[in-house]
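Reading through the structure tokens given below for one structure.
Being a predicted model, the structure only gives us computed values, none of them experimental.
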Amino acid sequence: MNVLYINGPVQNGPFTIAEQPGKAAGIRAAEALNTLLDAGPVPHLWNTVTLAGDLRHRDAPDRDTVGRQEREERAIAAKYAPGAAPAGGVLTDTTPVVSALALEMTERLLMEGTLAVVPTTVHLCARCGHMTGAVAHACRACGHQDARPHTRRLLVWDRPPGTPVLAPRDFHAHRARPPGHLLTIAQNVPQRLILSRTRDHGISLAPLGLDGLVLDPRAGVHITVLAAAARHSAGQPVMTVTENSAANVAAYGALFRQHNGTRLRYALHGRIPYDDTAALQRLCEVHRVNPALRELFLAWFLPLCSLHIRAGITPAQLPSLLKFWRRAHLARPDTPGSDVPAELRRRVAAGDTRWVMDVRVLPRAIPEYPVTHGSAKEPEGAS
């Protein structure tokens, strides 16, 4: 089926994976599924085109000696413990191969008439000039309350009436109920979508005559997944993403899910309650779970559970999940994870997650060690 699971790009904020492992849930889930498919190492995807990143760079005391690109690279490297970088490397939404693909896709859509560059009235912050959007509101760049209307050439998509931005076929989930709520709220977007933004960092649209503008990062995250899929010759990339994230990016990525026969779909996963580490530690102590088994539970089993329990795992569910996990772990074959049954591979490739909660199937999939990439320990210099 040529399926490859790839994490939805994680915003490159001021955190480490050790401090906030929940941000790596999509990464962990994708790695676990790809391992079962024997797909090989896949890069971790990071979203660097953010307004918060612009502000951090502007306020940094070394902004004159450290460029924005280098700052993003340093921040990503610091997410991982020393020596624990991902085997497949990392890929960001401004990597040259991503930028080249973005311009290729955008130019094609312009030639087809799907996208257009037209004078459009938007609002600019009266203080810093940042584009606040089609509707006037407080500037997210500097906080100023006043905005002024301004007409300039922008990249836009005028959706034909009734054109959906998200449909059940866009989800990779075998025999799972379509996310009705998500499908509804994803449609709640303007008929005209503005796909160019004012950012200090991003995929420049200057080659299209839009100096000072970059491609909307919500489109860019989809193109990053397509670029990663092309690197692995995968025709069916599946983005692991939370429902909230999908609702935020789906409309702006609707035109960027397909390219040269490759079609991107979403695999929804729920939130994992990693926040209360003390409670997790006590739970494992009560159940006499050793450190190795605990790490497998946290870094491998729970991310897979989050694909099955898409509404999110609650703290109240953890004791029963841990009990089930111990039972499955005790039933492992002598060489865990060495011989994944063909039927299980088929189910994984099809997006069927019911096997995760089947104690007859799960033991055959459990690896000897999880891939943590430093999420279990503190990187040097972190505080």
Which of these passes side-chain contact (heavy atoms from CB on, under 4.5 Å) with [X]: [options]?
{"X": "L155", "options": "I194, L110, L193", "value": "L110"}
{"X": "P237", "options": "V42, V3, T262", "value": "T262"}
{"X": "V10", "options": "I27, I76, I17", "value": "I27"}

Contacts of T50 that satisfy side chain to side chain donor-acceptor pair (under 3.5 Å) - sequence neighbours left out: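 T50 satisfies side chain to side chain donor-acceptor pair (under 3.5 Å) with no other residue.
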Spell out, yes or no, whether [X] and [Y] are grouped together once hydrophobic residues are joined by side-chain heavy atoms under 4.5 Å, including indirect joins.
{"X": "V49", "Y": "L45", "result": "no"}
{"X": "V238", "Y": "I6", "result": "no"}
{"X": "I313", "Y": "L298", "result": "yes"}
{"X": "V117", "Y": "V214", "result": "no"}
{"X": "V97", "Y": "L4", "result": "yes"}

Hey, does the side chain of [X] reach the backbone of [Y] with a donor-acceptor pair shorter than 3.5 angstrom?
{"X": "R347", "Y": "R354", "answer": "no"}
{"X": "K23", "Y": "N12", "answer": "no"}
{"X": "T224", "Y": "G220", "answer": "yes"}

At what distance, to the nearest 0.5 angstrom, does [atom1] of [X] lie from [atom2] of [Y]?
{"X": "M105", "Y": "I223", "atom1": "CE", "atom2": "CD1", "result": "5.5 Å"}
{"X": "I272", "Y": "T242", "atom1": "CD1", "atom2": "OG1", "result": "11.5 Å"}
{"X": "R56", "Y": "R63", "atom1": "CZ", "atom2": "CZ", "result": "15.0 Å"}
{"X": "T240", "Y": "Y266", "atom1": "OG1", "atom2": "OH", "result": "12.0 Å"}
{"X": "S245", "Y": "Q11", "atom1": "OG", "atom2": "CD", "result": "8.5 Å"}
{"X": "M239", "Y": "L268", "atom1": "CE", "atom2": "CG", "result": "11.0 Å"}

What is the minimum heavy-atom distance between G67 and H57, and which atoms define it? C-CE1, 3.6 Å
Non-hydrogen atoms of S204 and L103 that approach each other most closely: O-CD2, 3.7 Å
Under the criterion side-chain hydrogen bond (donor to acceptor under 3.5 Å, both in side chains), I'd like the reasoning laid out for H130 against T198: C-alpha separation, chi angles, the key distance, then a yes or no. CA-CA 6 Å; H130 178 72; T198 50; 3.0 Å; yes
Assess whether ring pair (Phe, Tyr, Trp, His ring centres under 6.0 Å) is satisfied between Y252 and H222, documenting all intermediate values. CA-CA 9 Å; Y252 291 84; H222 292 78; 9.7 Å; no
Checking side chain to side chain donor-acceptor pair (under 3.5 Å) against R68, which of D54, T48, D200, T94 comes through?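 Single side chain to side chain donor-acceptor pair (under 3.5 Å) partner of R68 among D54, T48, D200, T94: D54.
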Ignoring hydrogens and angles, state whether a donor on the side chain of [X] or [Y] is under 3.5 Å from an acceptor on the partner side chain.
{"X": "Q317", "Y": "S320", "answer": "no"}
{"X": "E31", "Y": "H44", "answer": "yes"}
{"X": "N2", "Y": "Q236", "answer": "no"}

Applying salt bridge (charged side-chain N to carboxylate O under 4.0 Å, His left out), can you list everything that pairs with R263, at least two apart in sequence or on another chain?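 In terms of salt bridge (charged side-chain N to carboxylate O under 4.0 Å, His left out), with neighbours along the sequence ignored, R263 is linked to D170.
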Hey, mind stepping through R346 and D352 against salt bridge (Lys or Arg N to Asp or Glu O under 4.0 Å) and telling me if it holds? CA-CA 9 Å; R346 186 193 65 76; D352 185 350; 5.7 Å; no
Residue pair L283, L322: steps toward the side-chain contact (heavy atoms from CB on, under 4.5 Å) verdict: CA-CA 9 Å; L283 178 63; L322 182 57; 3.7 Å; yes
Parallel, tilted or perpendicular: which one describes the rings of H172 and Y5, with boundaries at 30° and 60°?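 Aromatic pair H172/Y5 classed perpendicular.
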Residue pairs, two or more places apart or on separate chains, that pass salt bridge (charged side-chain N to carboxylate O under 4.0 Å, His left out) and touch residues 87-109: R108-E112
Tell me, which pairs form a salt bridge (charged side-chain N to carboxylate O under 4.0 Å, His left out) where one or both residues lie in residues 175-193, sequence neighbours left out?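 For residues 175-193, and leaving out neighbouring residues, the salt bridge (charged side-chain N to carboxylate O under 4.0 Å, His left out) pairs sorted by first residue read D158-R192.
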For H329, give me all partners under ring pair (Phe, Tyr, Trp, His ring centres under 6.0 Å), at least two apart in sequence or on another chain.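 For H329 the ring pair (Phe, Tyr, Trp, His ring centres under 6.0 Å) partners, ignoring immediate neighbours, are W325.
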Under the criterion side-chain contact (heavy atoms from CB on, under 4.5 Å), I'd like the reasoning laid out for R28 against S306: C-alpha separation, chi angles, the key distance, then a yes or no. CA-CA 10 Å; R28 289 171 159 182; S306 74; over 6 Å; no
Using the side-chain hydrogen bond (donor to acceptor under 3.5 Å, both in side chains) rule, collect all pairs that involve residues 209-220, keeping only residues at least two apart or in two chains. R197-D216, D216-R218
Any Lys/Arg nitrogen of E285 or R282 sitting under 4.0 Å from an Asp/Glu carboxylate oxygen of the other?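 R282 and E285: not salt-bridged.
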Test I185 against Q187 for side-chain contact (heavy atoms from CB on, under 4.5 Å), laying out the working first. CA-CA 5 Å; I185 61 176; Q187 299 295 129; over 6 Å; no
